[in-house]
Each structure stands twice: as structure tokens, then as C-alpha cells.
Visitor: 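Here it is: the structure, laid out below.
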Amino acid sequence: MLRPEYGDGMSGLLERLSPGDHACLVAGDEPSLTRSVAAYVRAGLRARHRVVYLGHGEQVAAELSSQGVDVRSARAAGRLQITPAAGEYVHGGGFDVDGTVDHWRGEAERARAEGFRGFRAFGDMSWAARTGRAGFMPLYEARVNRLFSEGFAMGVCLYDRRLFGMAEMRDIIRAHPCTITAETSPDAVPLLRAVRIATPAGFGVRLEGEADLSNRDALRTVLDHLAEEPGAVLTLDVAGLRFADSAAARTLLRATGSGRRLRIVGCLPSLRRMLLLHGAGSDVEFV
């Protein structure tokens, strides 16, 4: 049962997400789940995003109609796609992590080329448990962060807690910057947002929220991807980072491993002390 102070289910939590966010929605049989997911889809249509819903389409389509959305027109215009999930993830009988990430990148690029203001996806990941591919999910979810960090696409991945084991869910959650459950405080959404930025000296990333054990793999993947880009300096804008634990500090310093300088902007004194404690040297500039 959802806590009453959260109002209409998880709708408010999902509606706080924006392009660049990648959230893990952990749920089961919450009565307002379909209504909340439909609200997320409807918000995307209002924002002129191209919206892809992968899952039990009949329920969500009916709920969207009850919320005043002309589902038929939206689908005909290419603004809304509703389809079973497995068909978009499993091709030729197999699941290819990198191939699937490339597929979604192509979908986002197509949406941009067609003039949409963003690309918004929702995927019911129950197919992974039912087809024996749950073990691939942590790696996939970590790598798809590279797409979302570009700031145009956003995604919510629904994991039914009744279908996945505790160890599986732990690794899946760590691969997402943000996790939402029925008990999540609205103030904590999104928990971590990581969006790439361009700088005169190269590339960088702006971090907002909190970096801790719950999203460590997601942060690591975003920074590793940036390390592959050319440029003499990697900039981390951490002015909006409210909290970072010791492991997150070490992850931030890994960005110097490529031989480039690390420029950290807006660092709180507590985070600066932690970075220095973990070996920040002359190749790290605090601004």
C-alpha cells in the first residue's frame, strides 16, 4: 500500500524526472501503478517528447484515454509507441547488451531529427526474468547511462520485485542513478542526475543530487565513457552534488587515470577534503 502523503501513487515522483534521468522503478502490485505510469507517458506527450512504452500496452492505453489522451492520434502521428517489451530487447532469439544500447541511441537520434524536444522511454523489464536474462540487466542498465547522460533521452525501467532475487535487484539498482519505490520520498527524486556538458578544454559532466552505494555503477559508467572522449581536461561540475560517499570520491578520481587533468567546479569543502584524502594530486584542479 502506498503511503497516503504521496498522493496519487508514484505519479508525482515519475513526473519530476526530466531528460537525462534514468530511473529504476521497483514495484509489485501497487494499485495506482498503471495510473502513475500513464501520467509519466502523458507528461512526455505534453512536453513534445517522442514516447515509447514497452510492456502491457492495453492497460496503459486505456488509462491514458481516461486521462484525456487521444491515444490513436498520438500513435498515428508517431508521438507514441506502445509495444510488448521483449520484442524491442530480444532480437534473433538473443539479447545483445551493446546492440540494444545502440538501438535506443538510434531511436533517440531519430526523435531529435524529427523535431521532438526529447525522447522518453518506459520499459517493463519482467521479460528478462521470464526469459532467463536477468543476469544481463546490471551490465545493460549501466551502459545505457551513456545515452541518458547526453541530456536528450530519459528512461524508466520497471522491475517487479516479485520476479527478481535480492542479489539481482541490488546489482540492478546500483546501475541506475535513481531508484523509485512506494516508500521513496519526493524530495529524493531524482537521487542522482548526470548530464554531459561541453567545455572549451574538452568534455565534462554536471552531477546533481547524491552519489552513494545505490548508484555507484551508474556513476562509474558515465565517467568511464567520458574518459574515452578526446580532450586534455575533464570537467566535473559538482556544485549541485549534495552528498558523495567515500567510494563515490574514489570513482571521481578515477577520471584522472587517462592521463588528463581533472577540473572540479563547485566542490563543497567536505567533498574536497575527501578527495584530497583519497589522493587528489597536482592533476586535479579545484575551481
Side-chain angles (χ1 to χ4, degrees), residues 1-2 6-17 21-93 95 100 103-104 106-108 110-111 114 116 118-134 136-137 140-141 144 153-164 169 172 176 179-182 184:
M1 182 68 65
L2 295 174
Y6 291 170
D8 184 16
M10 299 177 182
S11 301
L13 302 176
L14 293 175
E15 288 178 344
R16 290 190 63 176
L17 301 176
D21 289 332
H22 178 207
C24 179
L25 176 60
V26 182
D29 57 354
E30 284 81 355
S32 64
L33 180 60
T34 299
R35 183 167 63 252
S36 300
V37 173
Y40 168 82
V41 173
R42 183 188 62 194
L45 294 173
R46 287 179 173 175
R48 294 182 61 187
H49 295 172
R50 180 167 182 264
V51 183
V52 174
Y53 173 84
L54 309 173
H56 302 292
E58 299 81 7
Q59 298 175 9
V60 170
E63 180 60 36
L64 284 170
S65 296
S66 73
Q67 295 181 12
V69 176
D70 187 342
V71 174
R72 179 177 297 179
S73 295
R75 297 178 78 171
R79 297 189 296 120
L80 174 64
Q81 175 185 333
I82 299 178
T83 186
E88 292 293 323
Y89 291 100
V90 179
H91 302 278
F95 174 69
T100 303
H103 166 74
W104 291 123
E107 289 294 301
R110 183 162 69 91
E114 292 176 357
F116 289 96
F119 176 76
R120 177 179 299 225
F122 183 97
D124 184 338
M125 309 305 287
S126 299
W127 65 269
R130 296 190 176 106
T131 59
R133 293 178 173 86
F136 290 97
M137 292 303 101
Y140 164 71
E141 299 290 9
V144 79
M154 60 187 292
V156 174
C157 306
L158 171 62
Y159 283 89
D160 189 328
R161 59 176 175 268
R162 299 167 298 181
L163 300 180
F164 296 85
M169 283 307 311
I172 288 168
H176 288 80
T179 298
I180 297 173
T181 73
T184 301

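Worth saying up front: this structure is predicted, and the values here are computed from it rather than measured. In what follows, every heavy atom counts, from backbone to side chain, and hydrogens, waters and symmetry copies are set aside.
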Visitor: So, do Arg120 and Tyr53 sit near enough that their side-chain heavy atoms are less than 4.5 Å apart?
Guide: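 The answer is no, as the side chains (C-beta and beyond) never meet within the 4.5 Å cut-off.
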
Visitor: What heavy-atom pair brings Ala27 and Glu30 nearest, and what distance separates the two atoms?
Guide: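 What the structure gives for the nearest pair is CB-OE1, 3.4 Å.
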
Visitor: Salt bridge or not for Arg42 and Glu15, using N-O below 4.0 Å?
Guide: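 So Arg42 pairs with Glu15 through a salt bridge.
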
Visitor: Hey, are Glu63 and Gln67 close enough side-chain-wise for a donor-acceptor pair under 3.5 Å?
Guide: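 Yes - a donor-acceptor pair under 3.5 Å links their side chains.
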
Visitor: Do you know which two heavy atoms are closest between Leu64 and Ala38, and how far apart they sit?
Guide: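 For Leu64 versus Ala38, the nearest heavy atoms are CD2-O, 3.3 Å.
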
Visitor: If I take atom CD from residue Gln59 and atom OG1 from residue Thr34, how far apart are they, to the nearest 0.5 angstrom?
Guide: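 That separation rounds to 5.0 Å.
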
Visitor: Assess Arg48 against Phe116: is NZ or CZ under 6.0 Å from the centre of the six-membered ring, and within 45 degrees of the ring's axis?
Guide: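 No, Arg48 does not lie over the aromatic ring of Phe116.
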
Visitor: Mind checking what makes side chain to side chain contact (heavy atoms under 4.5 Å, CB included) contact with Thr83, not counting sequence neighbours?
Guide: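 Residues passing side chain to side chain contact (heavy atoms under 4.5 Å, CB included) with Thr83: Leu54, Gln81, Glu88.
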
Visitor: Around atom CD of Glu114, are there more than 12 heavy atoms of other residues, nucleotides or ligands at under 6.0 Å?
Guide: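 Yes, CD of Glu114 has more than 12 neighbouring heavy atoms, counting only those of other groups under 6.0 Å.
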
Visitor: Is the Phe95 to Trp127 ring centre distance short of 6.0 Å?
Guide: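 Yes, the ring centres sit under 6.0 Å apart.
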
Visitor: Are any non-hydrogen side-chain atoms of Val52 and Phe119 less than 4.5 angstrom apart?
Guide: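 Val52 reaches Phe119 side chain to side chain.
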
Visitor: With a 6.0 Å cut-off (strictly less than), is the heavy-atom count around CZ of Arg161, excluding the residue itself, greater than 12?
Guide: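 Result for CZ/Arg161: enclosed.
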
Visitor: Are any non-hydrogen side-chain atoms of Leu25 and Tyr159 less than 4.5 angstrom apart?
Guide: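 They are not in contact (no side-chain heavy atoms under 4.5 Å apart), so the answer is no.
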
Visitor: Does the side chain of Met125 reach to within under 4.5 Å of the side chain of Leu158, using non-hydrogen atoms?
Guide: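 No, their side chains stay 4.5 Å or more apart.
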
